[in-house]
Amino acid sequence: MKTKSVLIYDTTLRDGTQGEQINFSAEEKLRVAQRLDEMRFHYVEGGWPGSNPKDMRFFELAKIKPLKHARLTAFGSTRKAGAGPEKCQNLQAILDAGTPAAAIFGKSWDFHATEILGVSLDENLAMIRETVEYLKAMDKEIIYDAEHFFDGYKHNRSYAMKTLMEAYNAGAAMIVLCDTNGGTLPHDIAVIVRDVASCIPLANLGIHAHNDSGLAVANSIAAVHEGVRMVQGTVNGYGERCGNADLLQIIGNLQLKMNRHCLPQSSLEHLTSLSNYVSEVANVPPLSSRPFVGRSAFAHKGGIHVSAVLKNALAYEHIDPVLVGNQQRVLVSDLAGKSNIEYKAKELGIDLSQDDAISRKIVQEIKHMENQGYQFDAAEGTLSLLIRKITGEFKEPFTLECFHVIAAKVGQEASTAQATIKISVGDEEELTAAEGNGPINALDNALRKALTKFYPQIREMHLVDFKVRIVEGSEGTAAKVKVTLESKDEQDIWSTIGVSENVIEASWRALVDSFQYKLSKDRINKNMGNKKRKRTNHEGAQTALF
């Protein structure tokens, strides 16, 4: 069967930025646009140049570094009521943006025309028609976004269809049906799309769905199933209120399950990295449970599940995670079985398949510690250290002799904290002191200062996140707490955890595990590198003999 293609239209940089806490500078928008261009997205909507200086600056930057594959698109509304399009500043801004395509939205719901815009129904039709004709004459490819189309169709089908025909007959290349309020159901989308297709060819139709009912992706897929050619959405589903349709989920479903070509296969394999990249630029933590690309999308925790996955991943995975650049993960918790432990140990280069006693010992220790408040599926760094310690594969990089922390506040002055720490590395001891914004920061600074003398690579390591949670709150301020740290270096990111009734002690345990994990993995990587070099030298010597 011949593969049908779907045009992917990204509006992360415009509609996506209407979501809470989503914001990009002009330079960040350019970087994201270039990444989407490299992925071979068909259209990238850069913003609304008539609405703010930042979007206009983005389009100026894009002229200096134009996209190579995607068609950059400027967004705007139809002309204002009672004025010709040539006098509309919004349309002039679109022309100044210099993009090959323009996306214009107009009102398809009679309620919006008369009650929100305050124009007659005939004037609204003229605004749509004249705007499209004007930009078409300026050699722009016109994508007409029929705002609130599905609501308009339900309230006044005849008028909603007239708005579409005005845009189509005026020369719009694509007519995009917008579920702007996000309240339409998939089966209604299908029925309405079929009706519209009786007047406008499916090759000229698109879908733009919002997620207010949690159905933006389903509605988009329903429309494509009926034959629409273009899908609009955002990376990670960013957008106003509950967000827009998530293009990454749409692409995954269309291309891998519906035989609809969206992106080159090589691009599909970078969907996960694209999701993380846009999250990083937007400064929004990635959602672990996001389908296809989330960290938990192919993570398995229950012992029975893991046992099945080890035999055949199809047992609990709907696709091969490699297809979208993700990976299978096995979590360990109090729900873990022997299979979970053997899987994690194998990742660390330790074979426990023939050692049931050690596996059972690790499982029991994990169950005991999770009963105390530890959570190993959120602290894989601490877990790997635990496995190495029980199997005898761990070598202590340093030993704590003692530490003292002083926190002081005098009157209204800012509080201060000082930490003194004494560690030993081999036969050598080191005593250091440091200040910090608080007792934990002071301890962190003192430990770094002491360790750097012995392990200079500590300078590469940075704290990414620090969380404190109460394990059980009945004891009030005396309650047991768990501290989770997330750290990173130039190659990896890892999490560690500490639990105690004393928040400083809990933080110290998580902090020590974080440093120990860094030093342990560096030692292992160094040893592996040495073995590889020795093997290469040996093979080279053998080659030289012949």
Side-chain contact, heavy-atom cut-off 4.5 Å: [X] with [Y]?
{"X": "Gln232", "Y": "Tyr43", "value": "no"}
{"X": "His270", "Y": "Glu38", "value": "no"}
{"X": "Lys54", "Y": "Asn23", "value": "yes"}
{"X": "Asn236", "Y": "Leu287", "value": "no"}
{"X": "Pro66", "Y": "Leu72", "value": "no"}

Got more than 12 heavy atoms from elsewhere within 6.0 Å of [atom1], [X]?
{"X": "Asn502", "atom1": "CG", "answer": "yes"}
{"X": "Glu429", "atom1": "CD", "answer": "yes"}
{"X": "Ile319", "atom1": "CD1", "answer": "yes"}
{"X": "Gln21", "atom1": "CD", "answer": "no"}
{"X": "Arg57", "atom1": "CZ", "answer": "no"}
{"X": "Lys488", "atom1": "NZ", "answer": "no"}
{"X": "Glu435", "atom1": "CD", "answer": "no"}
{"X": "Lys395", "atom1": "NZ", "answer": "no"}

Interatomic distance, [X] atom [atom1] to [Y] atom [atom2] [nearest 0.5 angstrom]:
{"X": "Leu386", "Y": "Met369", "atom1": "CG", "atom2": "CE", "value": "5.5 Å"}
{"X": "Leu511", "Y": "Ile440", "atom1": "CG", "atom2": "CD1", "value": "8.5 Å"}
{"X": "Gln265", "Y": "Leu268", "atom1": "CD", "atom2": "CG", "value": "5.0 Å"}
{"X": "Glu490", "Y": "Asp492", "atom1": "CD", "atom2": "CG", "value": "11.0 Å"}
{"X": "Ile387", "Y": "Ile358", "atom1": "CD1", "atom2": "CD1", "value": "11.5 Å"}

Shortest non-hydrogen contact between [X] and [Y], atoms and distance:
{"X": "Val322", "Y": "Glu269", "answer": "O-CG, 4.2 Å"}
{"X": "Thr432", "Y": "Ala450", "answer": "OG1-CB, 3.5 Å"}
{"X": "Gly252", "Y": "Phe292", "answer": "C-CZ, 3.8 Å"}
{"X": "Val499", "Y": "Gln372", "answer": "CG1-O, 3.4 Å"}
{"X": "Met39", "Y": "Pro264", "answer": "O-CD, 4.0 Å"}
{"X": "Ile250", "Y": "Ala245", "answer": "CD1-CB, 3.6 Å"}

Short N-O contact, Glu380 and Arg295, less than 4.0 angstrom: yes

| With a 4.0 Å cut-off, would you call Asp513 and Arg509 a salt bridge? | no

Residue pair Lys29, Asp55: steps toward the salt bridge (Lys or Arg N to Asp or Glu O under 4.0 Å) verdict:
CA-CA 9 Å; Lys29 288 181 108 178; Asp55 280 5; 2.5 Å; yes

Only one of Ile251, Leu247, Val235 passes side chain to side chain contact (heavy atoms under 4.5 Å, CB included) with Leu274, and that residue is Val235

[X] and [Y]: side chain donor to acceptor below 3.5 Å:
{"X": "Asp10", "Y": "Thr12", "result": "yes"}
{"X": "Asp246", "Y": "Gln249", "result": "yes"}
{"X": "Gln34", "Y": "Asp37", "result": "no"}
{"X": "Tyr238", "Y": "Ser279", "result": "yes"}
{"X": "Glu401", "Y": "Ser424", "result": "yes"}

Per the side chain to side chain donor-acceptor pair (under 3.5 Å) rule, which among [options] passes with [X]?
{"X": "Asn244", "options": "Thr234, Asp15, Asn211", "answer": "Asp15"}
{"X": "Tyr9", "options": "His42, Glu45, Arg71", "answer": "Glu45"}
{"X": "Gln516", "options": "Glu396, Arg388, Lys521", "answer": "Glu396"}

- Item | Side-chain (Thr452) to main-chain (Arg448) donor-acceptor, under 3.5 angstrom | yes

